[in-house]
Number of protein chains: 2
Amino acid sequence: MSEGRSPQGETLLFLTDEQLRQGAEAMFFAYRGFTADPDRILDGLSYGRAHHRALHFIHTAPGTTVNNLLTILGVTKQSLNRVLRTLIEDGLVESQVGRTDKRERHLYLTEAGEALERELSDAQRTRMRAAFRDAGPEAVAGFRRVLEAMMDPEMRRQYHKLRGGRG
Amino acid sequence: MSEGRSPQGETLLFLTDEQLRQGAEAMFFAYRGFTADPDRILDGLSYGRAHHRALHFIHTAPGTTVNNLLTILGVTKQSLNRVLRTLIEDGLVESQVGRTDKRERHLYLTEAGEALERELSDAQRTRMRAAFRDAGPEAVAGFRRVLEAMMDPEMRRQYHKLRGGRG
DNA sequence: ATTTTAAGTCAGCCTTGTTGACATTCCAAG
DNA sequence: CTTGGAATGTCAACAAGGCTGACTTAAAAT
């Protein structure tokens with residue numbers, strides 16, 4: 001792979017293998033920080049990161065179907081079902097049979113579910129808020145632009161779908 | 001949590017809970033993309049993401065000790081050992097007894113190890129290169145600033161240590 | 001001489017992902 | 001109305017990759 005001088009000089013320095021490698025390491029270390037705080041809370045309860053993800057996306061898209069959630073989370077229905085079952089048993093998630101299509105189950109957070117989701121997300125957001133504030137608005141815009149460009153097209157579609165109207 | 005108008009008006013719009021939530025979702029989806037390509041390669045071999053991480057950091061810091069690698073990866077020695085053992089058995093990693101301190105083992109990639117590391121990292125970098133190019137140099141600078149601010153202080157220290165001289 | 005440190009190993013457990021097989025329910029097409 | 005296919009749920013088995021705890025070996029440090 002190319003090192004150093006390109007025809008454009010310094011303009012593409014951020015595309016050298018070394019810079020890309022640093023970007024990868026930054027993703028690795030930052031993702032650890034990103035999940036650390038909610039993970040600490042979950043450690044006490046009998047839940048894991050998978051439960052947090054389910055709670056997060058049901059909160060974001062209330063009434064979403066199981067299939068929908070599968071696509072977003074990128075796991076098998078068996079994997080999701082294990083998580084979802086405990087959340088329903090524990091009264092954090094409610095599953096309602098669809099009105100128009102009774103095969104579908106629409107998922108909602110109960111009050112208890114909303115409460116736990118808020119606790120986990122607050123922990124995560126506290127760190128992100130500090131990071132965003134430290135880095136500044138322009139850095140945050142760049143951050144999001146790069147992350148979005150890094151997604152699989154299908155996931156980018158899902159991402160935009162979730163934002164719909166919000167952003 | 002606060003919504004909308006702050007004393008500073010639009011300046012802090014990127015700190016609303018909604019914006020932070022979107023940032024979290026971006027991290028989630030982007031990390032999936034980030035790992036997808038090397039994961040596909042590893043699927044064929046009898047290795048996993050943990051092997052990739054070990055190869056990556058031994059490549060980055062050749063001669064690193066086991067303890068060092070433990071700190072960087074943030075796993076237990078038992079967990080790392082399982083991965084390291086197979087890599088050594090398969091001739092991808094070499095373990096050399098320390099000269100000054102004979103308790104330590106210094107880790108190096110063999111030629112075969114370098115080859116696999118390159119294959120995996122190339123796959124990962126291809127996506128990152130495209131993302132960086134699409135987003136532009138200023139976005140990349142912001143991307144890295146935010147990720148760095150998101151790390152645990154100890155991990156930020158490790159991150160800078162790895163960069164040492166490079167950046 | 002004793003304690004501490006680095007590394008390795010064994011055993012067992014948990015979470016969370018995977019396949020494969022199969023039942024149920026229900027929409028929709030023939 | 002019957003049948004095919006889709007959406008959901010469930011059972012079983014398995015694997016990767018985390019974890020803890022207990023223990024050994026060798027070498028350094030005190």
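We name chains A, B, ... by the order of the sequence lines, and we start the count at 1 in each one. Being a predicted model, the structure only gives us computed values, none of them experimental.
In this view, B/F57 and A/F28, A/F29 satisfy the ring pair (Phe, Tyr, Trp, His ring centres under 6.0 Å) rule, not counting sequence neighbours. Considering only residues two or more places apart in sequence or on other chains, A/R49 meets the salt bridge (charged side-chain N to carboxylate O under 4.0 Å, His left out) condition with A/D39. Checked against salt bridge (charged side-chain N to carboxylate O under 4.0 Å, His left out), A/E114 has no partners two or more places apart in sequence or in another chain. Applying the side-chain contact (heavy atoms from CB on, under 4.5 Å) test to B/E119 and every residue at least two apart in sequence or in another chain returns B/I41, B/L116.
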What's the verdict on side-chain contact (heavy atoms from CB on, under 4.5 Å) for A/L87 and A/I58, showing C-alpha distance, side-chain angles and the deciding distance?
CA-CA 11 Å; A/L87 291 175; A/I58 296 173; 5.6 Å; no
Which is it for B/Y47 and B/L120 under the side-chain contact (heavy atoms from CB on, under 4.5 Å) test, yes or no, and what are the steps along the way?
CA-CA 11 Å; B/Y47 298 129; B/L120 294 170; over 6 Å; no
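Between the side chain of A/Q124 and the backbone N or O of A/F34, at least one donor-acceptor pair lies under 3.5 Å. B/R125 places no side-chain N or O within 3.5 Å of a backbone atom of B/R118 that could act as its donor or acceptor partner.
For DNA chain C, the residues of residues 36-51 of chain A within the heavy-atom distance limit of 4.0 Å (strictly under) are A/G48, A/R49, A/A50, A/H51, sorted by number. For the segment residues 100-110 of chain B, the set of residues with a heavy atom within less than 4.0 Å of an atom of DNA chain C comprises B/R103, B/E104, B/R105, in numerical order. Residues of residues 70-78 of chain B that place a heavy atom closer than 4.0 Å to DNA chain D, in numerical order, are B/G74, B/V75, B/T76, B/Q78. Only A/S79, A/R82, listed by number, bring a heavy atom of residues 79-95 of chain A to less than 4.0 angstrom from any atom of DNA chain C.
Chain A approaches DNA chain D over the interval D/dG5 to D/dC11, counting the first and last nucleotide 5' to 3' with an atom under 4.0 Å from its heavy atoms.
Within a 6.0 Å radius of CD in A/Q78, more than 12 heavy atoms belonging to other residues, nucleotides or ligands are found.
The stretch residues 79-89 of chain A participates, sequence neighbours left out, in these side-chain hydrogen bond (donor to acceptor under 3.5 Å, both in side chains) pairs: A/H51-A/T86. Legend: side-chain hydrogen bond (donor to acceptor under 3.5 Å, both in side chains) pairs involving residues 95-113 of chain A, not counting sequence neighbours, sorted by first then second residue: A/D101-A/R103.
A salt bridge does not link B/E25 with A/K161: none of the charged nitrogens is closer than 4.0 Å to a carboxylate oxygen. Between A/R40 and A/D43, none of the side-chain N atoms (NZ, or NE/NH1/NH2) sits under 4.0 Å from a carboxylate O, so this pair counts as no salt bridge.
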Let me have the donor-acceptor pairs involving side chains of residues 139-158 of chain A, under 3.5 Å, with sequence neighbours excluded, atom names and distances please.
{"unit_1": "A/R144", "atom_1": "NH1", "unit_2": "B/Q22", "atom_2": "OE1", "d": "2.9"}
{"unit_1": "A/R144", "atom_1": "NH2", "unit_2": "B/Q19", "atom_2": "OE1", "d": "2.9"}
{"unit_1": "A/E148", "atom_1": "OE2", "unit_2": "A/H160", "atom_2": "NE2", "d": "2.7"}
{"unit_1": "A/D152", "atom_1": "OD1", "unit_2": "B/R127", "atom_2": "NH1", "d": "3.0"}
{"unit_1": "A/D152", "atom_1": "OD1", "unit_2": "B/R127", "atom_2": "NH2", "d": "2.8"}
{"unit_1": "A/E154", "atom_1": "OE1", "unit_2": "A/R157", "atom_2": "NE", "d": "3.3"}
{"unit_1": "A/E154", "atom_1": "OE2", "unit_2": "A/Q158", "atom_2": "NE2", "d": "3.3"}
{"unit_1": "A/R156", "atom_1": "NH1", "unit_2": "A/E148", "atom_2": "O", "d": "2.7"}
{"unit_1": "A/R156", "atom_1": "NH1", "unit_2": "A/M151", "atom_2": "O", "d": "3.1"}

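In this structure, the separation between OG1 on A/T126 and CZ on A/R129 is 5.5 Å, given to the nearest 0.5 Å.
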